[in-house]
Every structure is written in C-alpha cells, then in structure tokens.
Protein chains: 2
Amino acid sequence: MNMMDDTGSRETSATRAAYLSLREMILVGDLAAGKKLKIEQLRSMLDVGASPVREALSLLTSDMLVERIDQRGFRAAPVSLANFEEILNLRCTLEDMALRQSIARRTSDWEEHLVLSHHRMKRVVGTDTFEDAHKTFHMTLLGNSESPMLERYCSQLYDLNIRYRYLAAGGARYQSRDIAAEHEDILDAAVKGDADAASVALLSHYRLTGEYLTSQLGGL
Amino acid sequence: MNMMDDTGSRETSATRAAYLSLREMILVGDLAAGKKLKIEQLRSMLDVGASPVREALSLLTSDMLVERIDQRGFRAAPVSLANFEEILNLRCTLEDMALRQSIARRTSDWEEHLVLSHHRMKRVVGTDTFEDAHKTFHMTLLGNSESPMLERYCSQLYDLNIRYRYLAAGGARYQSRDIAAEHEDILDAAVKGDADAASVALLSHYRLTGEYLTSQLGGL
DNA sequence: AAATCCAAAAATATCGATATTTATTGACAT
DNA sequence: ATGTCAATAAATATCGATATTTTTGGATTT
C-alpha cells in the first residue's frame, strides 16, 4: 500500500502527525480535560494505525497533557485550580532562572533575535499565528540560557498554561490590560541587560495574567 | 498463545517491564550513553515484541534518558560535563523550592515518614537497596510539597544524576566525605522546621557531591 | 430490592508481517 | 584514485490481526 495520496504531503511520520494533532486538540479543548482517549476512536479520527496513536499518547504523557491509567488506556490530563497555580509557580521560578541566564550570556545576535520576534508578534493578525508568535517571543527570551533542559521545562509549562487560557476564555484574547506595554517593558529591560528589571517585568506579566485567569476559572 | 509461563509472574505489562529494564540499563551504564538503541536487538534481549519496546523508548524520551532521532530510531541520551552541571543547577533550584514548600506545610505525619526513611537508609546493606533507600529519603524530603509536577521534575533529575555517579565510579560508593553526617544535618533541620538551614544543608550536600563527581569525570 | 456472579461486549495491549526509509557497498565514470 | 550513483542490506515505522483484560448488563440468588 502506498501512503502518498490525499493531500499530497507527507508529514514526516504518522506518529509525529498524530502527536501534533492530539496535542493541539488537547490544548484548545477539543479533547476535554479528563476525557477518556480511546485508541480506536482516535485511530479512525486521525486515519492512522493504532501504533502511532499509542506512541503519540505516550509522548503526550511526558508533556503531562495525557495520563496513562495502568491497563486501562489513556485520558486527557485533568485540570484544576491547584494545577493551574502549580504551573504558574513553576513558571515563575524556572523562567526567572532561564531569563537571568539568558541575559547573563547575552550577545548582540540574541538581542537581534529578541527584537525581531517582538516585532513579528506585534504585526501578526490571526489568533493562531499570534499564539505562535507569542510563544516564540517568550521562548526567545529564555533561549540564550544555554540550558536545554531548562528551556524544555519552560516550553512544556508554557503549553500547559495555554490550556487554561482557552479554558478561561474559549480561546479568546486577553482582557483590557495593556499587554503590549508589558511585553515592551520585558523586551527593553532584556536588551538593556538589566536582569532584575526584566525578571520583575516578566514575572508581573505572568502574575497579572494568572490573577485574571484565576478569576475566570470559577468552574474548577 | 499463553504468556503465563517462565517465572510465573506477570509484571503488569510488557511495556512497563521493558521500560523498567531499559531505564535501569541506561542508568547503570549497561547501555552506554549515546549508543544506538536498535529495536530488534532490544526486542530479543527483553523477549517482547517491537511495540512495547518502542513505547518504552518513547516513555524514556520524556525522562530524557533516550533521544529520538527523527526517522532514524532511538539512542541513549549522551552525557557531557555541561549536561551534568545543568542537572546540578536545576536540582539545586527545584529541590530548594520543593524542600521549602514541604517544610512550610509540615505535619507530624510527614516528619515521621522522614525519620523512618532516614533510619532505613542507615540500616541498609546492599548497594542496590541503598540506592533505593537513598532516593526514597531524598524524595520524602520533597514529598510534602503538595506539588506533584515539581516532585516529578525532581525525581527525573535525581535519576539523571545517578547516571553520572555510576559513570564516575563504575557504580561504586562515595568517597571519604561523611555523607551520613550530611544526611543527619538535613534531616534535623527539616524536622526542626528550619527551612533555611535545611536548604543550606541539602544544597551543600549536592554541591559537594557535584564537585567530587566533576573531578572524576575527566573523560567527558 | 439489593447484591453477586457470569456471560457478552468493548477496549487495550501485544504480536508478526509488510512497507518505507536510511545506510552500505561496490561498480562505473571521470 | 576519487567521487557519484545505483543496487543491496539493514533498520525503522506502520499496519492488521489476535490475545488479554476490563467493563457492562442481565439473570439468579438471598
């Protein structure tokens, strides 16, 4: 059997395609938190075999987006206020660490990347692309830390947080706060090399968002 | 075909058995760092099918003990001095956080668990069981933090560190330092509820071990 | 009426086989 | 000799089928 058919594209591998699809569906809430994830169902939904699905679910387990129940399959990781607050705390600690390391090793090359990713985030229009650009900006801030594991943790936690944003607002945008100014503050401090100011700006950015989200997450 | 045969025991699932075996082999160095992990080879070595092996390798990817190379299979995660130092740094930050949270919420129940796990670690004889008891003691220290993700990160990092201990000493024991006294200091401060003292004792415990290991890891 | 147990159904976990991709080797042209 | 290319070999990724386990629903008993 030949797999080069429908869209004509070959997304590197069935496992990766399944992983990305499932991840997105969990992040935005198409697959509800706590919901049982049945192999056969996903298999037909994604049009791949059971093996790639299982492997994708295993990978999502590492991302803490899926839980494996001993001999009883998988389910989308549950959400809770406690979990949200734990994510927020961990992010504050780990991003503070990563940001300071990034700034400590700063180079003009990194600063240029920063300015660029910030600029792109401002220009972007669609919601989807804004999500991507926003994550890129934040990860660029931490991306000079020379600490791949730390960056991986931060990226994971960022994604886990996205989930609560969608949960709070159905995927809609932020509230009335001036997010753009907050981003600008972080950028300026980072480019200036002022680690303390950058850290304060970043953490208050997260804490403000955290408070807003907490207020919206009554039903948990 | 019936799988209830050889040892008469059924280790819950083939995937889990493979996961535990592979993990152990990587930790102690039976599977060398950076080494290609061929499915067929592991399949026959562990006497299971390819699917459980693949799934176990996927899980080990989350533990950062295995790396997946796009369409080219898996390999044991490489080691390096930089990686070791990164692990040490992350452990110091995260365990400090977890320990302080544990102490802040301390209960007599937790204190009793602590004393018990410490006692068991002192009594133990074999190397294998000491490893287990040692990890149990350290994880108990952090186990009252009410922060499952944080504890998971700490556990992961602990395991990654074990690997370097085996690498430095071929699995042998520590050097002449009085480890027992260091453990005692940590325990006492924790039970007393003195977070600062406990944190200092814990971190210096790690930093001393880190220096010793670094000195032994010339060939990286 | 409630609880228990058994049989049927569903779902998971695992295997063996096959298709696809990557790595290797040797021939051929330059 | 050296580099390129094709043919072969090896290994991975994926599928379809099967065995095992868990769940469900109803019949039987207390």
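To find a chain, count down the sequence lines: A is the first, B the second, and so on, and within it residues start at 1.
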Distances for protein N/O vs nucleotides 5-12 of chain C N/O pairs under 3.5 angstrom?
unit_1, atom_1, unit_2, atom_2, d
C/dA11, OP1, A/Lys38, NZ, 3.4
C/dT12, OP1, A/Lys36, NZ, 3.2
C/dT12, OP2, A/Ile39, N, 3.3

Rounded to the Å, how far apart are B/Leu46 CG and C/dC15 C1'? 15 Å
What residue pairs, at least two apart or across chains, pass ring pair (Phe, Tyr, Trp, His ring centres under 6.0 Å) with a residue in residues 14-61 of chain A? none
Under the salt bridge (charged side-chain N to carboxylate O under 4.0 Å, His left out) rule, collect the residues that match up with A/Glu211, sequence neighbours excluded. none
Mind checking side-chain contact (heavy atoms from CB on, under 4.5 Å) for A/Ser51 and listing every partner two or more places apart, or none if nothing turns up? none
For A/Arg16 and D/dT14, what is the distance between atoms CZ and P respectively, to the nearest whole Å? 12 Å
For B/Arg100, side-chain contact (heavy atoms from CB on, under 4.5 Å) partners two or more places apart: B/Asp96, B/Ala195, B/Asp196, B/Ser199
Please round to 10 degrees the angle between the axis of the first five pairs and the axis of the last five pairs in the helix from C/dA1-D/dT30 to C/dT30-D/dA1. 10°
Look at B/Arg23 together with B/Asp159 and state whether they make a salt bridge at an N to O cut-off of under 4.0 Å. yes
Atom CG of B/Leu42 and atom C1' of D/dA11: how far apart are they, to the nearest Å? 12 Å
Enumerate the residue pairs fulfilling ring pair (Phe, Tyr, Trp, His ring centres under 6.0 Å) with a member in residues 44-65 of chain B, sequence neighbours excluded, ordered by first and then second residue. none
The complete set of ring pair (Phe, Tyr, Trp, His ring centres under 6.0 Å) pairs with one or both residues in residues 38-87 of chain A, sequence neighbours excluded, reads A/Phe84-A/Tyr164
Going by the side-chain hydrogen bond (donor to acceptor under 3.5 Å, both in side chains) test, which pairs reach into residues 28-39 of chain A, not counting sequence neighbours? none
For the pair made of CZ in B/Arg43 and C1' in D/dA11, what is the distance, rounded to whole Å? 14 Å
